[in-house]
Every structure is written in structure tokens, then in C-alpha cells.
Colleague: 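Quick one: the structure is below, and I'll ask about it shortly.
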Amino acid sequence: MALETLAPETRNLIDGKLVPASNGNTFENVNPATEEVIGTVADGTKDDMLAGVAAARRAFDESDWSTDAAFRAKCIQQLYEGMLAEKEQLRAIVVAEAGASVSLTGFMHVDNPIEMMKYWADLAASYEYETRMSDIEFTGAMHGRILRREAVGVVGAITPWNVPLYLNIAKIGPALAAGCTIVLKPAPDTPWSATHLGKIIAERTDIPPGVINIVASADHLTGEILSSDPRIDLVTFTGSTATGRRIMECAAPTLKKVFLELGGKSANILLDDADIAKIVPSGAMTCVHGGQGCAITTRMLLPRSRYDEGVALLKTAFESWNYGDPTEPQNLQGPQVSKRQQERVLEYIEKGKQEGAKLLVGGGKPDRKGWFVEPTLFVDVDPKSTIAQEEIFGPVLCVIPFDDDDDAVRIANDSMYGLSGAVHSASLDRALSVARRVRTGTISVNGHMWFHADTPFGGYKQSGVGRENGVMGFEEYLETKIIAVPPQG
Ligand code: NAD
């Protein structure tokens, strides 16, 4: 597929201006499918991050951004239209810097996320920020109450590299809609998916200076300013559970609100009456985007009575799975995002073999340029083993047998994570009964989709704190105020 020529914005957005790093430094952006340097980006310093925080604080405290919902809705609509106008450039960026398969850019990386910005524009305008509660009688007198929702304040947003444009939009959209001001720090592996949004904001919207600041930096720790600075009211983070813990620690001294979207190890459960021949081959979808998706189901639970049948189908599906150049539409799996990630996945595969799981397909890296890992199928996996418990973030499926529905639920829940999952059965009631017992934030029954702009998404247990998307996701960015007033008539 012919992609637009890359023309990304490479400067940060601070206080309404597109600027180089304060010390003039840049860092390289590398295409993970080719290992080629595709350009550079401003290497934001701690001073740049502090300038972004100061600008966001001033914009929140001194402008009417937080109180003028109609103006916000207009600006977010402009941002939506700006992204539509630059959609093909955004697509080229995501394919080049994240190794995203071009076929996945519609649903996962570009088109669908852009549409989500429209949802935030509409919600900013339609949300009822103030409602009247019923009057109450208390200590012999009547009292009235107004329930008011107000922007939390300045938001520090930190995002990972796996679905970078979507995840940036998922932070910026609701925070802007709620009336917050923002400092966004993207992952160093995928900086342009953020800096190019900065260009669209600066050039195509009336969003006032300081309302949104975007600071790319090669140094992960530049982001710690966002979790520790007392001028930040809420830190919203998507990334690994380990970094999520660190963010919570850094946020503790100032007791800022912490909103975390973290890792997963989700189970795909096929009950013994499920249409195994039809459903099992889709287990190869674990390899989509190199398995670099937090909500991908990476454990497949097969009933012992139909285990051999299921494993044979999976073997065929994995052996015929297309992967490679992400610009070729037939490849739903491109590279891992970096050499570091490729090595990490290969280390997990070694660990799986050492711990006794049976490697049925793949397990290595192909002899070609780019940080690819072969689609990898492990069967007979011990549910307590490392590869069944830890998030690999690679194209690796772990197949685990179970005895009955209770056993399937027990294995699915034997995890520190609880982000997503799936269950399949010929009986909707039976599938629903299992779905209700799995401790997870989202679960698909018989292949139905749980993802949408209006649908809350997030994790149980160590998969996160809070919910993204939908009205619930929007309200994460709002404070609640009760105003006591005289009763009505
Ligand atoms: P990561 O935790 O290594 O990094 C994420 C971001 O945090 C990056 O911008 C990084 O620079 C920054 N960072 C790192 N250390 C920091 C610190 N001490 N203080 C502040 N910021 C810091 O994660 P990753 O490897 O980039 O992304 C993969 C992870 O993201 C996986 O675990 C995946 O499951 C998770 N993820 C979760 C969701 C979700 O919605 N639950 C969505 C996508 C990805």
C-alpha cells in the first residue's frame, strides 16, 4: 500500500509554540521493520517539561478554558477535523514508527481513534455539569443541593508506544473535554504520533496556549516530573504495571489523583460445547501487531476433552499466519517495536522452554532485517509458569487445558492481571455465567466486541485503576462539588 511521504512535526508544543528542545538536542526515530533511522525529534529536557507544566497550570488557573464548555467543544471539533485532514500523514507515521500493520490502522491505530475525538467534542457540549439534587429535611429544616462537576485541573499524561496515536487521543480527548489542561509525554519509541498532534493543535485549532503541551524526550525519567510535581492534579498513565507502581509512588507525596491503564494476561476460554473448528484458528490473532496489545488474549484455555483437536487446529493456524512488512496488507503482524522488546520476547520464549512448556510453532527470530519474532505457539503450559503469568507483549500464545467450567474460571483468575478476556460456548447462558465470574474489566462473549468510544475500558487487580472511554472515562477528569443552597419553594 502506498503511504503518504513522511513529513512529521519534530518539535515539541509548549505554551502554544512548536519549539526545539531547550538545549537543541534531538534523538533518532527508527523504523522497527527496517531498522533505519527515519528522522529525529526534539529531545525535551527537564526544563522543557517544567515549562510545559507551568504553562498548563497558568492556562488552567488564568483562562476560562475549564468553564467554557461550548468553546472547548468547538476547539475539540477543530482538532477532530484537523486530524481528519492529516489522516494519511498520521497513518504513515504510525506505520513507520510503531511498525503498525497498515491493515490495522483503520480499526486500531488511526481511523477509529480519530472518530473518538468527535465523541469527546460532543460530550464536552452535552454533558450536564450541574444538576439539582432533591431537597432534604435535616434537623428540622429543609435544604437544597446543587451537584456540580468541575475539571480536576492540570493533567500529566504519559503514554506507551504500542498504539501510540490512539493512546494519545484517549488521554487528550477526555481531559480537554472535561476542561483540564494537559502535559503529554509520549514514549520515546513513537514520538511523532504525539508531536504531529502538536502541529495540528497549533496550526488548525483555537486551543489557547498552555492548554495542551506535548513534550517528547528520550529520557523516560523526564516523565517523573508529571507524577511528582505539585502543580499537577492528576496523572494519567498507560503502560507497564511496573512503571504504574513507580508512578503511584511518585504521586503519593502530593496525593494527586492517579489513573492507570496497565498490562494484561487475558484468557480466551473455549467451553466444551463451543464450535472449536470455527473459533480455535482465531487464536493466531494473538500475533496481531506482534502481540503488542494490552487486551490481546494471550492464554487460550481448551477443554481437556477437546484438547488434541484444538491444538491441531492452532498448529495449522500458526503455521499459515502471515507476518512481515507492515506496509503489506496481508500482514497483520509486523515487528516488535525495538530490539529491546524483541530480545525481551525471545527471553520469555527461552524461559517457557526451560520451564517445560511444549513449543509447537515458531520460537525464534526470522533471518531478515527488522525486529520480528516468529508467531509462537506453546502448548501444555503450566498455568503457574512464568509465560502463563507474565505479560510477554509478543506474538506468543500459551495453551492451557482445563477440566470443567469451574476449573476454567479458576485458571483465568489465577493472574495478577484482569484486563480483558473471552469466552465461547454454544449456550449463551453458560458463556455468560463464566463471563460473570472472570475478574476482568472487559470480556467478549462468542466473539462480540467490547471496544467503543462510549464503552468504559480498564482493568481489575494490577491491570489498572480507573476507566478510560465513555462517560465514566470522562468523569475520571472531573471533581465533584456539592453546593448547599436554600430549598426550592
Ligand atoms: P512503559 O511502562 O515502559 O512506558 C510507558 C511510558 O512511561 C513511556 O512513555 C515511558 O517513557 C514512560 N515512563 C517510563 N518510566 C517512567 C517513570 N519512572 N515515570 C514516568 N514515566 C515513565 O510501557 P511500554 O513498554 O511503553 O508499553 C507497554 C505496556 O503498556 C504493556 O505493559 C501494556 O500492557 C501496557 N498498555 C496498557 C494499555 C491499557 O489500556 N491497559 C494499553 C496499551 C498498553
Side-chain angles (χ1 to χ4, degrees), residues 27 32 41 43-44 46 49 97-98 100 108-109 113 156-171 183-191 193-195 214-229 232 235-252 256 258-266 289-298 336-338 340-345 348 390-394 415-421 440-442 450-451 455-469 473 476:
F27 66 98
V41 65
D43 188 0
K46 294 209 160 93
M49 190 62 81
E97 71 176 7
M108 202 171 162
H109 290 281
I158 303 170
T159 51
W161 43 261
N162 61 325
V163 200
L165 183 68
Y166 160 65
L167 291 164
N168 293 334
I169 289 172
K171 303 289 185 208
V183 185
L184 170 71
K185 193 210 81 69
D189 310 82
T190 51
S193 296
T195 52
I214 297 175
V215 184
S217 172
D219 181 1
H220 294 294
L221 297 186
T222 311
E224 289 210 347
I225 291 170
L226 299 182
S227 46
S228 56
D229 193 293
I232 302 270
V235 58
T236 174
F237 169 75
T238 299
S240 64
T241 295
T243 307
R245 288 190 196 108
R246 174 72 191 146
I247 283 173
M248 230 180 195
E249 266 172 37
C250 292
K256 55 175 75 359
V258 178
F259 175 18
L260 305 173
E261 295 285 350
L262 308 175
K265 191 76 197 179
S266 302
H289 194 34
Q292 301 168 117
C294 54
I296 290 176
T297 51
T298 52
Q336 308 315 116
V337 78
S338 61
R340 184 181 133 255
Q341 282 301 119
Q342 182 199 44
E343 285 167 354
R344 190 172 167 269
V345 174
Y348 271 115
E390 295 186 13
E391 186 182 48
I392 300 173
F393 233 51
S415 171
M416 74 169 187
Y417 295 113
L419 190 60
S420 86
T440 186
T442 53
W450 42 256
F451 187 77
T455 310
F457 172 76
Y460 282 28
K461 300 190 267 184
Q462 294 188 39
S463 283
V465 177
R467 289 294 177 272
E468 205 140 66
N469 297 336
E476 297 280 354

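Remember, it's 1-based here, ligands and their atoms both numbered in the order they're listed. Throughout, numbering of the chain's residues begins at 1 and tracks the sequence.
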Colleague: For Glu224, which residues count as a salt bridge (Lys or Arg N to Asp or Glu O under 4.0 Å) partner, sequence neighbours excluded?
Modeller: Arg246
Colleague: Go through it in stages, so that I can follow the logic: the residues are Ile392 and Thr298, the test is side chain to side chain contact (heavy atoms under 4.5 Å, CB included), and I'd like the CA-CA distance, side-chain angles, deciding distance and then a yes or no.
Modeller: CA-CA 9 Å; Ile392 300 173; Thr298 52; over 6 Å; no
Colleague: I'd like the residue list for ligand 1, meaning every protein residue with a non-hydrogen atom under 4.0 Å from the ligand.
Modeller: Ile158, Thr159, Pro160, Trp161, Asn162, Leu167, Lys185, Pro186, Ala187, Pro188, His220, Leu221, Gly223, Glu224, Phe237, Thr238, Gly239, Ser240, Thr243, Arg246, Glu261, Leu262, Gly263, Cys294, Glu391, Phe393, Leu419, Phe457
Colleague: Classify the angle between the aromatic ring planes of Phe451 and Phe457 as parallel (below 30°), tilted (30 to 60°) or perpendicular (above 60°).
Modeller: perpendicular
Colleague: Who are the side-chain hydrogen bond (donor to acceptor under 3.5 Å, both in side chains) partners of Glu390, not counting sequence neighbours?
Modeller: Tyr348
Colleague: List the steps, then state whether side chain to side chain contact (heavy atoms under 4.5 Å, CB included) holds for Met416 with Thr241.
Modeller: CA-CA 10 Å; Met416 74 169 187; Thr241 295; 4.3 Å; yes
Colleague: What residues, two or more places apart in sequence or in another chain, satisfy side chain to side chain contact (heavy atoms under 4.5 Å, CB included) together with Thr238?
Modeller: Pro160, Leu167, Lys171, Glu261, Glu468
